[in-house]
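In what follows, a structure is listed as structure tokens, so that the remarks can point back to it.
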Amino acid sequence: MTAFQTSSSAVVNFIPLPPSCVDAAIIDLDGTMVDTLGDFSEALNRMLQDLGLSPIDAGSIESMVGKGTEHLLRSVLKHVLPHYGADDVAIKIEELYPSAWASYQRHYLAINGQFAGVYSGVEAGLQALRARGLRLACLTNKPTSFALPLLELKGLAGYFEHVFGGDAFERKKPDPLPLLKTCEALGVSPARTLMVGDSSNDAQAARAAGCPVVLVTYGYNHGQPVRAVDADGFVDSLAQLA
Ligand SMILES: O=C(O)COP(=O)(O)O
Ligand SMILES: [Mg+2]
């Protein structure tokens, strides 16, 4: 049992942190601080149009978000190329990938943040964590070049000492490496660093790194119910971290 669980139940709604338990918090971006599904949808559909492919709906995109851009683009291409056989699809995806990535990057950077909104309670939560003296870093699987301007535009960049994207380290979440590297950059120990995310990706990375982990209930969890994920607690708003 961690300091964040009660003795009566394995997974509970979040218990307010005893201030002495953590020195830092690492916060996920997509689905945790900003609802970026509109941005993903806009940039991906502009990309598909460039490639002469059929559009994709936001509901399908939602279950593909969270594992970084390479995974997202390959999943989207696979989804819109259903009339090919399995082997042919794989070949076609690799063939299309370089132009898909170039087009997606161009469109995403052009619309970044315009179809996205900060979830309610995010600023209050970040302010409360800062008021407790916690060191804060943002760790996302989206490219750093997408994350930085988005946080700036939404007025959230100033809360973080570090912002690391999916391309900042050799491996992405759910690998523990990005969390361990972020703890190192903050100069804190993983056991005293709270991970706050929205998906099993964040929770698995945190478990493997030895960080306590709390998940929000409103984000994107690969199309699966988030409360089934192994985590230390759940919040409906970052303001509940206060
Ligand atoms: O771009 C993604 O895959 C999602 O990134 P996240 O780690 O901020 O949820
Ligand atoms: Mg996320």
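Note that the numbering runs from 1 along the sequence shown for the chain. We count ligands from 1, going down the list as the structure has it; atoms in each ligand are counted the same way. All values reported here derive from a predicted model rather than from experimental measurement.
- Heavy-atom separations between His71 and ligand 1 are all 4.0 Å or longer.
- Near Lys173, meaning under 4.0 Å from any of its heavy atoms, are these atoms of ligand 1: 7 (O).
- The contact set between ligand 1 and Leu29, taken as ligand atoms under 4.0 Å from a residue heavy atom, comprises 8 (O).
- With hydrogens and angles left out, the side-chain atoms of Tyr220 and Asn201 include no donor and acceptor closer than 3.5 Å.
- Minimum-distance N/O/S atom of Asp198 relative to the Mg ion (ligand 2): OD1.
- Put simply, the angle at the Mg ion (ligand 2) from O in Asp30 to OD2 in Asp28 is close to 80°, to the nearest 10°.
- Ligand 1 lies less than 4.0 angstrom from a heavy atom belonging to Gly66.
- Looking at Ser103 and Gln49, their side chains never come closer than 4.5 Å, going by heavy atoms from C-beta outward.
- Remark: the Ser199 side chain and the Asn221 side chain contain no N/O donor-acceptor pair separated by less than 3.5 Å.
- A side-chain donor from one of Gln127 and Tyr159 sits under 3.5 Å from a side-chain acceptor of the other.
- Asp232 places a side-chain N or O within 3.5 Å of a backbone atom of Val213 that can act as its donor or acceptor partner.
- Which parts of ligand 1 touch Lys67 is read off a 4.0 Å heavy-atom cut-off, strictly below it: atoms 3 (O).
- Distance check for Asp202 against the Mg ion (ligand 2): none of its N/O/S atoms falls below 2.8 Å.
- Taking any N or O of Val65, backbone or side chain, none lies under 3.5 Å from an N or O belonging to ligand 1.
- Checked by atom type and distance alone, the side chain of Lys173 never pairs as donor or acceptor with a backbone atom of Ala206 at under 3.5 Å.
- Checked by atom type, the side-chain pair Asp39/Thr36 shows no donor-acceptor distance below 3.5 Å.
- Between the side chains of Asn45 and His107, no donor-acceptor pair is found at a separation under 3.5 Å.
- Cation-pi geometry between Arg74 and Tyr97 is satisfied (NZ or CZ under 6.0 Å from the ring centre, within 45° of the ring normal).
- Of the polar atoms of Gly68, at least one N or O is found under 3.5 Å from an N or O of ligand 1, judged by distance alone.
- Regarding atom 5 (O) of ligand 1, its nearest protein heavy-atom neighbour is Asp30 OD2, 3.1 Å.
- If you check which protein heavy atom lies closest to atom 8 (O) of ligand 1, you get Thr140 OG1, 2.6 Å.
- An N or O contact shorter than 3.5 Å links Asp28 to ligand 1 by distance.
- Annotation: Thr69 places no N or O atom under 3.5 Å from an N or O atom of ligand 1; distance criterion only.
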